[in-house]
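To keep things clear, I will list the structure first and then write my remarks on it.
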Protein chains: 2
Amino acid sequence: MRHPTRHADALDQVLELVVSLNADMEQSLTRDGLTTSRAHLMWALLHRGPSTQRALAEALQVSARNVTGLVDGLVDTGFVTREPHPDDRRATLVTFTRRGARVAKRLQAGQRQLAELLFGRMSDRRFAGFVAGLGDVLTTLRRELEADAQKRPS
Amino acid sequence: MRHPTRHADALDQVLELVVSLNADMEQSLTRDGLTTSRAHLMWALLHRGPSTQRALAEALQVSARNVTGLVDGLVDTGFVTREPHPDDRRATLVTFTRRGARVAKRLQAGQRQLAELLFGRMSDRRFAGFVAGLGDVLTTLRRELEADAQKRPS
DNA sequence: TATTGTTATACTCTATAACTATA
DNA sequence: TATAGTTATAGAGTATAACAATA
């Protein structure tokens, strides 16, 4: 604990990063007619292809009820449809519309652009230093969350 | 744009950091009987001392109506009280209860502990490298948000 | 019996607009 | 006339519990 203030200041900067990054992404999602939660669902759908709501609930770590609401919203705004599941008449397959697929790919492209904006002009040394530290922080944080999950099993 | 994939991977890690940090902080807030938004208000109150709701609305960048709701919640759960403003009978001074002040200080202490957890065991070199990169990223992001704010003036 | 998704209900955060009391 | 805060209203995200249809 040699420089507690510097550590606290660094955390403040990380928290500013969190806030600003959220603000930036939310702004561009709003332009596309999406909310953060709905965009997460779109993202999951992009990576998994047509999925049951149950699968999406697990992917997003939210309740089945919540997925019903998110899909309702995305259906109303024309991003996805509910298609019958071929083998299971209880289930539906949430599927992109043409527009939904187009917007999802745009989200992906926007993500890459953001990465270039943030890191593209950094020197290799600077970038490497940042990534190394980031890795350490993430490892510590993952371990902490895991330990905490052990203590209070869901 | 020499290593676009590495940049995208780094952004993925930053986003994981955002998610994990939120999860970790929310967990400990829940233990204290607080939500994220209410904790932000507590934080503002800790730094400003007894404040009018108007001042809190500006500090938190939310609507006056929203502050009414947040303060309602914090009053119900015993963290703050509404005291009459000495000079202006329209206004109230949102003020910590003893318990509220205690919890707010615990939040502050928890923040410092988190900083130590994340950075305390990093080598000086590693820490310096991370902070340098973080500074660059923040500068870029601030500039971007400002430019965006220019384009669509609120 | 177990699973998928919906209805019913409730709480939190957020916003705008109209209104009350005071300045 | 302007300001501080509340009421009225609305929409989004979140949860649990009860239920229908299907497996």
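This structure is a prediction, so every number in the text was calculated from the model and none was measured. By convention in this document, chain letters (A, B, ...) are assigned in the order of the sequence lines, proteins followed by strands, and residues within each chain are numbered from 1.
- In this structure, B/Asp32 does not pair ionically with B/Arg99, as no charged nitrogen and carboxylate oxygen lie closer than 4.0 Å.
- In this structure, the CG atom of B/Leu74 is 15 Å from the P atom of D/dG5, given to the nearest Å.
- Under 4.0 angstrom from either OP1 or OP2 of C/dG5 there lies no side-chain N or O belonging to A/Arg82.
- Atom pair B/Asp87:CG and C/dT22:P shows a separation of 16 Å (rounding to whole Å applied).
- Atom CD of B/Glu26 has 12 or fewer heavy atoms from other residues, nucleotides or ligands within 6.0 Å.
- If you check every strand for non-hydrogen atoms under 4.0 Å, B/Thr52 touches sugar and phosphate atoms only.
- For B/Thr35, counting side-chain heavy atoms from C-beta on, the closest listed nucleotide (D/dA12, C/dA17, C/dC13) is C/dC13.
- Aromatic ring pairs are classed by plane angle as parallel below 30°, tilted from 30° to 60° and perpendicular above 60°; the pair A/Phe127 and B/His7 is perpendicular.
- Across the protein-nucleic acid pair, A/Gln61 atom CD and D/dT14 atom P stand 12 Å apart, rounded to whole Å.
- Across the protein-nucleic acid pair, B/Leu60 atom CG and C/dA15 atom P stand 10 Å apart, rounded to whole Å.
- Contact check, B/Ser63 against C/dA15: a side-chain N or O comes under 4.0 Å of OP1 or OP2.
- A/Thr92 comes within contact range of the sugar-phosphate backbone alone, with a heavy-atom separation under 4.0 Å but no base atom that close.
- Note: CG (A/Asn66) to P (D/dA12) measures 13 Å, nearest angstrom.
- The distance between atom CG of B/Leu56 and atom P of C/dT14, rounded to the nearest whole Å, is 13 Å.
- As judged by a 4.0 angstrom heavy-atom cut-off over every strand, B/Ser37 is placed among residues touching the sugar-phosphate backbone only.
- Put simply, the side chain of A/Arg89 and the base of D/dT22 share no donor and acceptor less than 3.5 Å apart.
- Picking from D/dA12, D/dA4, C/dG5 the nucleotide with the shortest atom distance to the side chain of B/Asp88 gives D/dA4.
- Of the candidates D/dT9, D/dG13, D/dG5, the closest approach to any side-chain atom of B/Arg65 belongs to D/dT9.
- Phosphate contact (OP1/OP2 of D/dT6, side-chain N/O of B/Thr68, threshold under 4.0 Å): present.
- Of the two residues contacting DNA chain D, namely A/Ala64 and A/Arg90, the nearest-nucleotide position lying further toward the 5' end is that of A/Ala64.
- Among the atoms of the strands shown, only primed sugar atoms or phosphate atoms (P, OP1, OP2) are found under 4.0 Å from some heavy atom of A/Val62.
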